Structure formats: C-alpha cells, structure tokens
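Just so it is clear: chains get the letters A, B, ... in the order the sequence lines come, proteins before strands, and each one is counted from 1. Predicted model only: the values in this text are computed from it and were never measured.
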Number of protein chains: 4
Amino acid sequence: MKKNKPKFKQIIDAAVEVIAENGYHSSQVSKIAKKAGVADGTIYLYFKNKEDILVSLFQEKMGQFIEKIEQETTSKQSAEQKLLTLIQTHFEQLAADHHLAIVTQLELRQSNKELRQKINHVLKRYLNVIDQIVEEGVEEELFRSGLDRRLVRQMIFGTMDETVTNWVMKEQKYNIEEQAKEVHSLIVNGLARHDK
Amino acid sequence: MKKNKPKFKQIIDAAVEVIAENGYHSSQVSKIAKKAGVADGTIYLYFKNKEDILVSLFQEKMGQFIEKIEQETTSKQSAEQKLLTLIQTHFEQLAADHHLAIVTQLELRQSNKELRQKINHVLKRYLNVIDQIVEEGVEEELFRSGLDRRLVRQMIFGTMDETVTNWVMKEQKYNIEEQAKEVHSLIVNGLARHDK
Amino acid sequence: MKKNKPKFKQIIDAAVEVIAENGYHSSQVSKIAKKAGVADGTIYLYFKNKEDILVSLFQEKMGQFIEKIEQETTSKQSAEQKLLTLIQTHFEQLAADHHLAIVTQLELRQSNKELRQKINHVLKRYLNVIDQIVEEGVEEELFRSGLDRRLVRQMIFGTMDETVTNWVMKEQKYNIEEQAKEVHSLIVNGLARHDK
Amino acid sequence: MKKNKPKFKQIIDAAVEVIAENGYHSSQVSKIAKKAGVADGTIYLYFKNKEDILVSLFQEKMGQFIEKIEQETTSKQSAEQKLLTLIQTHFEQLAADHHLAIVTQLELRQSNKELRQKINHVLKRYLNVIDQIVEEGVEEELFRSGLDRRLVRQMIFGTMDETVTNWVMKEQKYNIEEQAKEVHSLIVNGLARHDK
DNA sequence: CATGAATGAGTCTTCATTCAT
DNA sequence: AATGAATGAAGACTCATTCAT
C-alpha cells in the first residue's frame, strides 16, 4: 500500500500547507511538489491526478480526525457526556492544526460536485458516530424520543461546522475550545427556558 | 444606476440557470451571455468582471430573500413565532426556486476567499434579523438569558443551512418545507427531555 | 463557412511552412500561430485541435491538387494521354511547392491511425480519377482486360508516390517533372520487351 | 556483441508486439519493458535510447526479411522468375507475421526524419537485390534496355509497398499472397495490350 | 547485470477580458 | 450601447532517461 510510503504523507502535508496559505485556486501541483521537496512528476507516482491529492488529503486527515473522536467518546458514560466530548474533540483538533482548519472549512468546499461527493462519503463515518450518540441518548431517556434522526444530525453537525467556519473566517482570533460547553448546552437544551 | 436596466437582471437570471445546470466551473462568461441573449462583451457593460456577476447575483437574490423574511416575520407576535416563520420562509423560498437553491448551497461556495467575504457581507443583514429575534425572545423571557448571541446565531443558521444543503444534495427528493416545524422545535428545545 | 475567412488559409499556409521546416514533432501550435501572425488562441477559433489543422491542411491542399488533375486530364483524348497528364500534373504540382511536397510525402505520414484514415478518405477522390482512366483504357482496348482494378491503382499510385518520396528525400536535387514520361512508360508497358 | 544476448531479442519482440497493438504513439518504453519482462532501466543496457530500439528492430527484422528473399531468389533461373519469387516471398513473410506487417507498413512511418534515414539505410540492401534482378533481366534481354534503374526500382518497390499497406489497412482481410502473380504481371507487362 | 523510483522538461488548450467597429 | 473576433497567460500531466542500490 502506497500510504505507508513517506512521500505520500509528505505530499499530503505539503498540500495542506500550500492550500491553507495560497488558497485552493492558487495551489498549483508544482507548488505542492516544491513544498514537498519532490519533482512534479513524483506527485503522479502517488496520486492519480490533482483532485486525487485532495480526496486523499481529506481521507487521511479526516480518518485520523474521526478516529480520535471515536476513541475519546467511547470511554464516556452518558450520551450527553459523549456529545460534549465529541464537540470538544472536534474543536480541539481543528484548533490544534490551523492549516487543516482552513483547508477543511474553506478551501476544500471550492471543489466540484464529484469531489464533494467523495468528501461526503468520508464524512459518513463521522455522521454515524453522531447518530449512535443520539440513539444512545434516546435509549437512556436523556433525549426526547420521536426525534427525526436526520434533522438532529444536521443540527449537531451544522452548528459545529458553522461555528468552526466563523472562527476560521475571523482568522481564529478567539479561543474556540472554550465554546464547546455552550454549543453543547445549546444543542441539548435549545434556546428555551425550561424552568417555568 | 445600472441595476434598473433590463439586461442587468437578464444576465443575472441567466447566470443562475447556467450555474445551476452546469456547475460553477463549467459556467463560462460566454455561456452566460448566450443564455442571456447578449454578446460576451455586453456582460462587461453591466459587470466589472466575472466575479462581479456572482456578487451581484447574490446581492440581488439574497436581498429579495431577506426582504421577504423580514416582511413575514415582523407581523408575528412572539419571538418563537417569528423564528418559526423565519425557518419556514427560508425553506419555502429555496424550495420555490430550485436553481437558486443549487447555486447558493453548492455552487457559490466554490468561490475564492475574496468572493466569500463579499457574500458574508450580504449575509450580515440576515444574521441581524436572527439576532433581533433572539433578543426579543430573551426580553420576552421565552429564551434563556445569558445566551452567547454569536453561538445562537451560528446554531440557527448552521442548522438551517446544513438542512437545506443536505436536501439539495439529495437532489431535493423530499419536501423540505415540512421539516420547518421540527427544525424549529430542535432549535428552541434542543435534544433533551424537559418533562422530568 | 469558416473556410472563406482569410485566417483559415493563413494558418494552414503557416502550418505547411512550419512543418516542412521543423518536422512534424517540432511543430508546436504556438510556432504555427507565430508564423501565421495570430495569437495561439486564435488557432482554436478556426480549428478544433492540433490534429484538425493537419486534416484541414490535407483536405484544402489535396482538394486543389486533385481538382487540378481532374481539369487537366478530362480534356485529353485517350486513356494513355490522360494517364501521362495525370503523372505530369502530379509531379508538376509537388515540384512547384517544395514545402507541400515535404509535408505530404514525409511529415504527414507521422500521424496516428485515426488521422491516417481521414487522409485516406480525402485520397479516395484521387484514386477514383485513376480508376476511371484505367476503365477508359480498358474500354478503348488500349489496356488489357482482366486487370485487377485495385492492384492497378496500387501500382500507379505506389509508383508515383515512391518516386516523389525518393525525390523529396534526395532533397529535391533533380528534376522530377522530367521523369513523368518514363514513369508513364513503365506503368503502361512494364519491364518486358514486347518486340519479340 | 550484445545482440547475441537473449534479452536483446526479447525486447525487440516485445517492441513489435506493443507497437502493433498500441500504435507508435502509445508505445512507451515502460510498456515495452513490461511486455519483455524486464525493468525499464534494463532497456538502456541493451539500447542507447528509444529510437535505437526501433532502428534495431528494423535492422533485425529486415535483415532476416532480406536474407530470406536473397536465398529464395538466387536459386531461380531467369530474372522474371526471380522477380516473381521476390514478390511472393515479400508478401509471404509479411502475411506470416501480422504484427511485423503493421509495424513496418504503418507504425514505423510515424518516426522522425532521422530515424527514417536509418531505416532507408537498411532498405538499401533490399533495393540492391531488386537492382540486380533488373540488371540480369536486361542482360538476358527479357527486359527492355534503356530503363532508368532508379525509376524501375521505385516502380517495383512502390507497387509492392502500396499493395501491402492497403492490405494492412484493410485489416488483412484478404489473402495477399494470391496477388503476387498479378502484381508480377503488372510490373513486367504494364497496363497495355501487346498483342496487336 | 538488473532494478524501478525519481526526475523535470515540454505543450496543448481554455477562457476571462479587450477593443475596433 | 452593443458586438464578437482576437488575445495570451497559465497549468496539469506524460514519459524518456538516470542512478543509487
């Protein structure tokens, strides 16, 4: 498997940097090759074409991203705790890698329909994790029954995604990790007062 | 002001159609000109450059979009009602114009950072509407006090946006308008049971 | 029809020159454009792609070539005279345009199977002229009956073609037009003595 | 001499196959190496460069080709018989090796001027055989005296070559060996009736 | 002798934009 | 105001060849 070769990772890391710094449309293959310290042609020994770099980048980085979230969440007791951990880990990881945050939140969205579908395929695994936590929450009777699973998933993912995108667009000038608890609270409790 | 000229609208409508049908990257200026029934050069009498078509498109269409939402919401009594109306009107309008839905949810996101910031500028007006409703809700003591306004806005917008994007990606095969109530409920009440 | 446009001919003439001087493989589109005095992109307003320049070149030049031969031959009385005129006109025309001779005899043969078939399609018209002359010769009882038409055509064309190619490869250092009569004699009478 | 090494022949045979099957322009060195069962680099232990494979291929295969023709013709009595044998053996050998026929008649002509001259050098030996037969025929007073030797050679070679090329282009759907006698008759007797 | 990973020069084509009419 | 022919910059990808092992 080529993925064990050092140049594969080398090129992907170079791609993340180059795309984060120059934007998607100014990220020529030659620029990525230069940053990776390989010849242009070498790129094509490890990737089918330019788009394949992006798909592989997303698979590689998101794979690790999701794995980390899976690890962190499974050990938690309740669905609520798991959800909080998921949000925290999601924010943490992107906060820890600014380049990756830019690439996933902004630059990678500038891709065509085909690439977008491949990206969505990778994301499915993440969405499954969310679904399971919701399922657990319902079983534990912490969450309401009768929730539309798809809508719930969209609320959770949409809220986190929008929150991260805004943070990236504000040039990451504030600490997003601090917001995990409040995001969690909003998702779990909504806007309404429940004390009356 | 050039915006009153019929060709201005003609070109923008052609752009929406062409982009929705061909995707952002296959939407050449010449294709838009052809669909609009004008010469390529004519485009440049009404728009500074290609990006300006997109910005104008977004301003024009989103302007109407937001206006409609403003109109519909102001007449409602409570913040909760206003929020529901906002969600319903948001979904309604995109459901009514499939081409526009594709363009705003998918194709326009493939633009560079600069364009994205102009788009965000247009969106601010919409986000203000949301902010006001939340503010009202807090004043009415329907919503919790102490909410982080930015996070709330991101939850509301993120959830709606993700919901519409998923619907567009599923090729609009189900009725999104029917989901407004449940989305509203999720946003207002969150996931948790509040009956215990 | 684009063929009436001056730039169409301009580009084709430039292509003949460039290919004759540089050889097929060193004839970049940009070189042809430069010689034609147009921008690279202009080429693509008149031709689908690089190969289309070559096909069009052959159609244009061979069309004229064959037309001239048709004109010259029809006025002649006997099949023998027509055949002589055909050979003379064939040699004459290539002798008159050294660049074209190089391109048709050497450079255009370096093309792929697809292009070669398009070239053969153009040549069919020429082969038909040959066939008709042979047919006439047989009817006039100047030529033997029972001749395999295809083989005859191949002998006539093959002999002329090989003769011109050799002349081009010898850098056109001798006068090929002077050889028309002898070639004609060889084709009509063959090698054998017929006086015994 | 490297030519006695088995890999030399192995690579040449692979080249014939690959070129016949894929066409000249799709016959990369790596493809030939793979078919030959050697590493890409190994090619360069036996051949100076890619062109050298082609030149060697032609020398190797044409050497055998011409040798066979020399053997078959020398034993014949008259020039006429020798010529017939030459034509028959020419057709026979190409009919027996379809791949070689494709390569010599079509694919190898797609080479540059330099390669073409090396190929012509190899062909000279064949043309000498033809010249000698014609010379003999003249001495035997079977053929006319006063023939232009070069033109005769061009007629003979051109006719055979054109005949084989047409047969290859028709995908070798008919039996070319059956045509040797008639080609011979055309070359010896020409088109004219000689009975009057 | 043999390997095959790495190299990097080379080119066709697209398309936003201009400007003479 | 409108046209549309012409421009030319820009970039992904291929593949013959090398050389460290």
Participant: Do B/Arg109 side-chain atoms and B/Thr104 backbone N/O form a donor-acceptor pair below 3.5 Å?
Facilitator: yes
Participant: Looking only at heavy atoms, which two atoms of A/Ile19 and A/Ser27 are closest? And how far apart?
Facilitator: CA-OG, 3.3 Å
Participant: Has C/Glu107 got a side-chain atom pairing as donor or acceptor with C/Gly23's backbone, closer than 3.5 angstrom?
Facilitator: no
Participant: Flag the pair D/Glu21 and D/Lys31 as a salt bridge only when some basic side-chain nitrogen lies within less than 4.0 angstrom of an acidic carboxylate oxygen.
Facilitator: no
Participant: What is the separation between atom CG on A/Leu45 and atom P on E/dG4, rounded to the nearest whole Å?
Facilitator: 14 Å
Participant: Check the phosphate of E/dA6 against A/Thr42, side-chain N and O only, distance under 4.0 Å to OP1 or OP2. Yes or no?
Facilitator: no
Participant: Looking at A/Lys31, I'd like to know whether one of its side-chain N or O atoms comes within less than 4.0 Å of OP1 or OP2 on F/dG11.
Facilitator: no
Participant: Check this one for me: any side-chain N or O of A/Lys7 less than 4.0 Å away from OP1 or OP2 of E/dA6?
Facilitator: yes
Participant: Testing D/Ile32, D/Asp13, D/Val29 one by one against D/Val18 for a side chain to side chain contact (heavy atoms under 4.5 Å, CB included), which residue passes?
Facilitator: D/Ile32
Participant: Heavy atoms only: give me the nearest C/Val168-C/Leu106 pair and the separation to one decimal.
Facilitator: CG1-CD1, 3.7 Å
Participant: For D/Tyr24, is the NZ or CZ atom of D/Lys50 found under 6.0 angstrom from the centre of its six-membered ring and inside 45 degrees of the ring axis?
Facilitator: yes
Participant: Can you give me the closest heavy-atom contact between A/Ala36 and A/Gln10, atom names plus distance?
Facilitator: O-NE2, 2.9 Å
Participant: Can you see which heavy atom on C/Ile53 is nearest to which on C/Ile43, and at what distance?
Facilitator: CD1-CG2, 3.8 Å
Participant: Salt bridge check: are B/Lys118 and B/Asp52 linked by an N-O gap of less than 4.0 Å?
Facilitator: no
Participant: Using whole Å, what does the distance between atom P of nucleotide E/dA5 and atom CD1 of A/Ile43 come to?
Facilitator: 17 Å
Participant: Using atom NZ of A/Lys50 as one end and atom P of F/dG11 as the other, report the distance to the nearest whole Å.
Facilitator: 8 Å
Participant: Let's see if you get this right: which residues in residues 14-30 of chain A place a heavy atom under 4.0 Å from DNA chain F?
Facilitator: A/Gln28, A/Val29
Participant: What is the separation between atom CG on D/Asp52 and atom P on F/dA16, rounded to the nearest whole Å?
Facilitator: 14 Å
Participant: On DNA chain E, nearest-nucleotide positions of A/Ala39 versus C/Glu51: which is more 5'?
Facilitator: A/Ala39
Participant: Could I get a table of every N or O pair under 3.5 Å where one atom is in the protein and the other is in nucleotides 18-21 of chain E?
Facilitator:
none

Participant: Taking atom C1' of F/dC13 as reference, at what distance in whole Å does atom CG of A/Asn49 sit?
Facilitator: 10 Å
Participant: Look up atom CG in A/Asp97 and atom CG in A/Leu94, then write down how far apart they are to the nearest 0.5 Å.
Facilitator: 8.0 Å
Participant: C/Phe47 and side chain to side chain contact (heavy atoms under 4.5 Å, CB included): which single residue from C/Thr42, C/Ile12, C/Val55 fits?
Facilitator: C/Ile12
Participant: For A/Ile32 and F/dC13, give me the distance from atom CD1 to atom P, rounded to whole Å.
Facilitator: 11 Å
Participant: Counting Watson-Crick and G-U wobble pairs whose two distances are both under 3.5 Å, find the runs of 3 or more in a row that involve DNA chain E.
Facilitator: E:2-21 with F:2-21
Participant: In whole angstrom, what separates B/Ile53's CD1 from E/dC15's C1'?
Facilitator: 13 Å
Participant: OH of C/Tyr46 versus P of F/dT7: gap in Å, rounded?
Facilitator: 9 Å
